[in-house]
Amino acid sequence: MDYSELVEVYEKIEGTSKRLLKTYYISELLKKTSVEDLEIIMLLLQGKIFPAWDETKIGMSDKLILKAINKATGADAKKIESEWKKIGDLGKVTYNLTHTKSQATLFSSKLTIKKVFDNIRKLATLTGEGTVDKKVSLVSELMTSASPSEAKYIVRTVLEELRVGVGESSLRDAIVWAYFGEEIGVKYDFEKNDIMLDDEKREKYKDIVDTTQRAFDLTNEFSEVAKAAKTVGITGLLDMKLLPGKPIKVMLCQKVASVEEGFETVGTPAQIEYKYDGFRMQIHKIDNKINIYTRRLENVTAQFPEVAATVSKHVKGEEFLIDGEAVGFDPSTSKYLPFQSVSQRIRRKYDIEETAKDLPIELNLFDILYHDGKDYSEVPLNERREFLEKIVEQVKRKIVIAKVDYTDNVEEARRFYEEALKAGNEGIIMKRHDSVYKPGSRVGGWVKIKPVMESLDVVIVGAEWGEGKRSGWLTSFTIGVLDESGLPVEIGKVGTGIKELDQTELEGEGVTFEVLTNLLKPLIISEKGKEVKVKPKIVIEVHYEEIQKSPTYSSGYALRFPRLTRLRADRGVDDASTLDLVEEFYFAQRGRGN
Ligand code: AMP
């Protein structure tokens with residue numbers, strides 16, 4: 001397939017905020033995509049070259065991309081960089097450069113999606129002498145054959161910032177519409193931004209959407225799902241299996257305000273567990289090797305060698321996938337430490353053994369998804385737990401199974417909640433006792449209860465350079481939540497809750513301006529006066545007093561008195577809170593009479 005066909009779809013998707021239209025454009029593209037091209041198309045639509053579970057990085061620095069653009073267009077690298085700072089989108093800058101410059105070499109041959117994909121993929125494999133020149137050539141070769149629009153998306157793909165706003169649900173629905181749409185008789189109402197189906201067909205449609213979602217959840221790869229749907233049909237999707245070795249998205253939960261509400265959602269009796277204040281660890285064993293992933297699917301095995309050794313020694317089985325929370329504790333008092341203190345271990349690349357001694361981890365396991373050839377994801381939760389208890393040899397302060405209580409009694413549940421808080425935990429998680437494991441889902445029968453209702457995980461999208469004693473630091477951080485296509489929309493600015501001290505004086509607690517500045521500086525994409533825009537990568541937790549409607553911010557809402565409570569080093573932009581959640585909180589607080 002020609003790259004221009006994909007670019008045409010990128011432009012259409014970027015040009016509308018309507019999810020229905022985005023999905024429709026993608027489904028039409030899928031209909032004409034051959035089986036051979038499907039893998040590439042599904043990845044490129046997500047702005048990816050490697051699937052989410054693959055840790056390979058494209059690894060093209062900003063400097064090299066500027067060089068490649070310079071080589072292809074002849075424009076001065078300094079000028080390109082200053083335009084980039086002004087506009088904030090290097091793809092657009094490249095478009096402008098190639099658009100205005102009628103260069104003879106441009107458009108010399110037609111680009112195919114395969115050529116674009118292969119060249120960018122090669123960037124990741126190059127090492128050794130001459131790498132820099134080879135990388136620059138691979139990208140500039142693409143650009144000299146590209147139209148201005150094609151060049152724009154090539155640059156954005158190399159930068160891993162496609163920004164067209166395609167969410168996972170759009171890709172899933174596009175697969176359904178492309179391969180089952182005709183059979184079900186899906187009709188579109190573009191005005192209403194919805195599809196039209198009678199009740200009977202709607203049921204069937206929902207079933208197919210759920211099956212497609214499940215196939216994706218278990219494999220975490222849209223290419224495979226699309227291929228199975230196109231070549232085999234529904235049975236192909238039903239046959240897709242969970243396999244250890246490839247990280248999948250973990251199951252999540254929604255917030256409820258009380259144990260009563262918890263029972264209403266998950267039913268009785270509920271399986272109630274401590275909500276540990278650590279970070280998620282998804283642990284795989286395959287080929288005699290343990291691999292540990294965060295909830296963002298980052299491989300952190302090297303940072304936690306002692307956890308890998310403990311799992312290897314104390315969990316029975318040749319192949320498995322288990323799920324739990326790693327919590328730090330103070331080795332002298334044995335008291336749990338807040339997430340903030342152990343989070344440094346996630347990024348640690350040196351002195352790992354030493355840090356492991358200073359900041360030991362207790363692994364609290366609470367789920368199992370696979371064990372020696374058997375997929376446990378559809379086995380009821382209480383049975384999964386029973387099995388987990390059989391295969392894990394618990395060792396105090398090293399590897400334990402999450403503290404649990406089964407009850408249908410509100411008073412008992414409240415007591416368990418109090419006990420959890422007293423023991424230094426964040427709260428409790430109430431789980432439907434017979435629920436299946438729904439990877440990546442927030443609505444599968446797990447709910448959390450924490451004392452503070454008013455907190456959101458927001459992503460930093462901008463900041464301001466400080467003045468006076470704060471000069472040299474970024475202050476006043478513009479924060480955003482995710483709209484329905486997964487792009488950040490602004491919801492306010494936060495400047496409180498951040499410390500002025502040197503981080504070393506803080507002993508791991510709290511976040512300083514210095515730390516945030518160091519994290520954000522490399523992410524700056526444009527500057528105007530004191531204001532900077534940054535790549536949305538850093539996620540923080542904020543507390544606030546109230547959510548208000550506001551025309552000032554692009555989300556349509558503003559947080560009143562937001563305060564940074566912690567840095568979420570274990571979260572990526574995809575984990576940030578959604579606009580839907582903000583709306584839900586907004587209406588909930590109105591319901592409370594605020
Ligand atoms: P939140 O981060 O507030 O959305 O809460 C969900 C997170 O709580 C999960 O991703 C886990 O990292 C963590 N957690 C702690 N204890 C448990 C537990 N017993 N069951 C499930 N998740 C837990």
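Whatever order the structure lists them in is the order used to number ligands and atoms, beginning at 1. The analysis underlying the following values was restricted to heavy atoms, covering all of them including side chains, and did not include hydrogens, waters or symmetry mates.
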Visitor: Do me a favour and list the nearest non-hydrogen protein atom to atom 1 (P) of ligand 1 with residue, atom name and distance?
Guide: Lys448 NZ, 3.0 Å

Visitor: For ligand 1 and Glu426, I'd like to know whether there is a polar contact (N/O to N/O, distance under 3.5 Å).
Guide: no

Visitor: Who's the nearest protein heavy-atom neighbour of atom 23 (C) of ligand 1, and how far?
Guide: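 Of every protein heavy atom, Ile429 CD1, 3.5 Å lies nearest to atom 23 (C) of ligand 1.
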
Visitor: Should the proximity of Glu325 to ligand 1, defined as any heavy atom under 4.0 Å, be assigned to the side chain, the backbone, both, or neither?
Guide: side chain

Visitor: Could you check whether Phe416 and Tyr274 have their ring centres less than 6.0 Å apart?
Guide: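 Judged by ring-centre distance (under 6.0 Å), Tyr274 and Phe416 do meet the cut-off.
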
Visitor: Report the member of Tyr276, Trp446, Phe279 with the shortest heavy-atom distance to atom 16 (N) of ligand 1.
Guide: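 When every heavy atom of Tyr276, Trp446, Phe279 is considered, Tyr276 comes closest to atom 16 (N) of ligand 1.
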
Visitor: Around atom 20 (N) of ligand 1, find the nearest protein heavy atom and jot down its residue, atom name and distance.
Guide: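 Minimum-distance protein heavy atom for atom 20 (N) of ligand 1 reads Lys431 NZ, 2.9 Å.
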
Visitor: Could Arg397 and Phe329 be counted as a cation-pi pair, given that NZ or CZ must be under 6.0 Å from the ring centre and within 45° of the axis?
Guide: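 Output yes; distance and angle both within limits.
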
Visitor: Looking only at distances, please establish whether an N/O atom of ligand 1 is found under 3.5 Å from an N/O atom of Glu273.
Guide: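 Yes - when backbone and side-chain N and O of Glu273 are compared with those of ligand 1, one distance drops under 3.5 Å.
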
Visitor: Validate the cation-pi geometry between Lys48 and Phe50: distance from NZ or CZ to the six-membered ring centre under 6.0 Å, angle to the ring axis within 45°.
Guide: no

Visitor: Are Tyr293 and His284 an aromatic pair by the rule of ring centers under 6.0 Å?
Guide: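 Ring centres of His284 and Tyr293 closer than 6.0 Å.
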
Visitor: Between Glu464 and Lys493, does any NZ, NE, NH1 or NH2 come within less than 4.0 Å of an OD or OE carboxylate oxygen?
Guide: yes

Visitor: Should Glu514 and Trp473 be marked as a side-chain hydrogen bond (donor to acceptor under 3.5 Å, both in side chains) after you check the CA-CA gap, both sets of side-chain angles, and the distance that decides it?
Guide: CA-CA 6 Å; Glu514 189 192 355; Trp473 287 339; 5.5 Å; no

Visitor: Identify the closest protein heavy atom to atom 7 (C) of ligand 1: which residue and atom is it, and at what distance?
Guide: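 Protein heavy atom with the smallest distance to atom 7 (C) of ligand 1: Lys275 NZ, 3.8 Å.
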
Visitor: Identify, by atom number and element, the atoms of ligand 1 in contact range of Tyr274, meaning under 4.0 Å from any of its heavy atoms.
Guide: 16 (N), 17 (C), 18 (C), 19 (N)

Visitor: I want to know whether Tyr437 and Tyr370 have ring centres closer than 6.0 Å.
Guide: no

Visitor: Would you say that Arg295 contacts Phe279 through its side chain, given a criterion of any heavy-atom pair below 4.5 Å between the two side chains?
Guide: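 Side-chain contact under 4.5 Å: no.
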
Visitor: Check Lys450 against ligand 1 and report side chain, backbone, both or neither, counting heavy atoms closer than 4.0 Å.
Guide: side chain

Visitor: Hey, which atoms in ligand 1 end up nearer than 4.0 Å to a heavy atom of Leu252?
Guide: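 Matching atoms, with element in brackets: 10 (O).
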
Visitor: Inspect the contact between Glu273 and Arg385 and indicate whether a charged nitrogen and a carboxylate oxygen are less than 4.0 angstrom apart.
Guide: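 Salt bridge present between Arg385 and Glu273.
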
Visitor: Identify the closest protein heavy atom to atom 17 (C) of ligand 1: which residue and atom is it, and at what distance?
Guide: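 Atom 17 (C) of ligand 1 sits closest to the protein heavy atom Phe366 CE2, 3.6 Å.
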
Visitor: May I ask you to list the atoms of ligand 1 that are less than 4.0 angstrom from any heavy atom of Arg295?
Guide: 2 (O), 10 (O)

Visitor: Among Arg280, Arg571, Arg568, which one puts a heavy atom closest to atom 2 (O) of ligand 1?
Guide: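 Nearest option to atom 2 (O) of ligand 1, by heavy atoms: Arg571.
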
